[in-house]
Colleague: 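Below you will find the structure I want to go over with you.
We number each residue from 1, following the sequence as shown. We count ligands from 1, going down the list as the structure has it; atoms in each ligand are counted the same way. All figures in this text were calculated on a predicted structure; none of them were measured in a lab.
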Amino acid sequence: MATERLYYADCYLREFEARVVAAEPAPGGFRVYLDRSAFYPESGGQPSDRGALGGIPVLDVVDEGDRLAHLLNRQPESKTVKGEIDWRRRFDHMQQHTGQHALSAAFEKAGGLKTVSFHLGAETSTIDLDSDRVGRRQIEEAEELANGVVFEDREVRILFRGAGEANRMDLRKPTEREGDVRLIEIEGFDLSACGGTHVKRTGEIGTIAARRIELVKGNTRVEFVCGYRALRSARRDFLNLSEAGRLLSGAADQVPVLAAKQSQELRAAVRAREKLAGRVAEYRVAELLFTVPLRNGRRVVRHVFSAEELLEAKMIAHAVAKQPSAVALVAVKGTQGAKAQDVKAQGVKGSSTALFFAQSAGGTADMSALLRQTVARFGGKGGGTRDFAQGGGVAEEKLEEALALAESLL
Ligand SMILES: [Zn+2]
C-alpha cells in the first residue's frame, strides 16, 4: 500500500494522525509504514525529517518508491499513531531548499549557469554550477538577484501537472518523471519539478548568502546559507573577526591589513633570527673545533643537540664544513618539540629526530653513503650529496650511539 505523502500538498503540516499498516524488523529497530505521512524522506539533496510517531523518536525516513519507511527503535503500540515533525529542523530545510531554487534560478538568469547538483548539509548547503569559470562578480550578481526576490516576498506555489504538459511549460530543467509531476513555482521567477519541502513565500527564506566557492570536477561548487543559518554565520564571522582584531590590537575591519603587516613582520623576524643563529653557529663551531683533536688529518665534530637547537644544528653542520679538513656529525633530539617553522624550514617533518652529516668541500668521505649506512643500522632514513646529507627516524636514545658508529666508519 502506497503512503500518501501529506507534505506534497502541505509543507506546513507539523502534526498528523495515521494508521500503521506494517512494521518490519530492520537493523537498528523497525521500519514502520503508515497509510499517510507528513515525514519527508531523504531525497533530492534534502535530508530526511526527524520527530516522533506515537511518542517514539523517528531516526530516519526512507523513500522506497511507493512507500515511506519510518525507522524507529521500537514498534508503536497502537494501530493509530500521532506523527509530530521536528519543526525547527524541517523549517530550516525549507528555508535552505527554497533558497536553493531562488539561487539556482538567479545563476541561470544572471550568468546562464546551470545547477547540476544540490546538497543540503548540516551546516551549509552547496550547488554545483556547470562551469569552471565562475568569478566573485558573477556570484555577487546572482546573490543580489536572489535576495531581491526574497525582499519582494513572492508567492511560492505547488502545482501538479502531467509530465507531458509540465515539459511544455517553462521548466528550469526538463523533468524525466512520468505521470503526475509536482512543480514548485516562485511567482514570475522560477518553475522547477521538485518533490521537496518549500516555504510559502520567498520572504520566509530570509537572507541568501553565498560563502566559499571551489572547483569540483570541472564544476564550480558554491556553498550558501539561508535564513537562520545566514544570521548565525554572520554573527559567528563577526565574533571571529572581532577576536582576530582584538589579538591584532585593531578593529574587525582592519584585520586583513593588520594580519598582512604582522605576517610581514614575522617573516622579517624569522630572517633576522636565522641570521643571528648563523652568527651563533660560527662561534659555536670555533668552540667545538677547538675541543676536538686533529685525527688522521681532520677534525670531527660530533654532537647531539636539543630540539630547540634544530635551526642552529643544521647551520653548525654547514659551518663546520666551511672549515678546512673538518667533518660534522650532528643530531637533534625530538624535532616534534622544535618550533614548527624550523621543522618546516629544515624539511625534517614527520621525524622525531634529525641527523646532519657534512664535510669540507672535496673531503675524502661520502656523507650520503655514511648517513645511509648509519640509519640502516638504527632504523631511520635519509640521504643527500657527497658533502652534505640529512636524515631522521633514529630513536632519541640511540643518537649518541649512531654518531659514534658513523665516526668509526669514517
Ligand atoms: Zn525543491
Colleague: Cationic tip of K109 within the cone over F189's six-membered ring, i.e. under 6.0 Å and within 45° of the normal?
Modeller: yes

Colleague: List in chain and number order the residues that pass salt bridge (Lys or Arg N to Asp or Glu O under 4.0 Å) with R229, two or more places apart in sequence or in another chain; answer none if no residue qualifies.
Modeller: D92

Colleague: Below the 2.8 Å mark, what number of protein N, O or S atoms do you get around the Zn ion (ligand 1)?
Modeller: 4

Colleague: Hey, are Q46 and T197 close enough side-chain-wise for a donor-acceptor pair under 3.5 Å?
Modeller: yes

Colleague: Can you tell me which residue pairs pass the side chain to side chain donor-acceptor pair (under 3.5 Å) test with a partner in residues 138-147, sequence neighbours excluded?
Modeller: R137-E141

Colleague: Could you list all the side chain to side chain donor-acceptor pair (under 3.5 Å) pairs where at least one residue sits in residues 47-60, not counting sequence neighbours?
Modeller: S48-R50, S48-D60, D49-R90

Colleague: Less than 6.0 Å separating the ring centroids of H97 and F118?
Modeller: yes

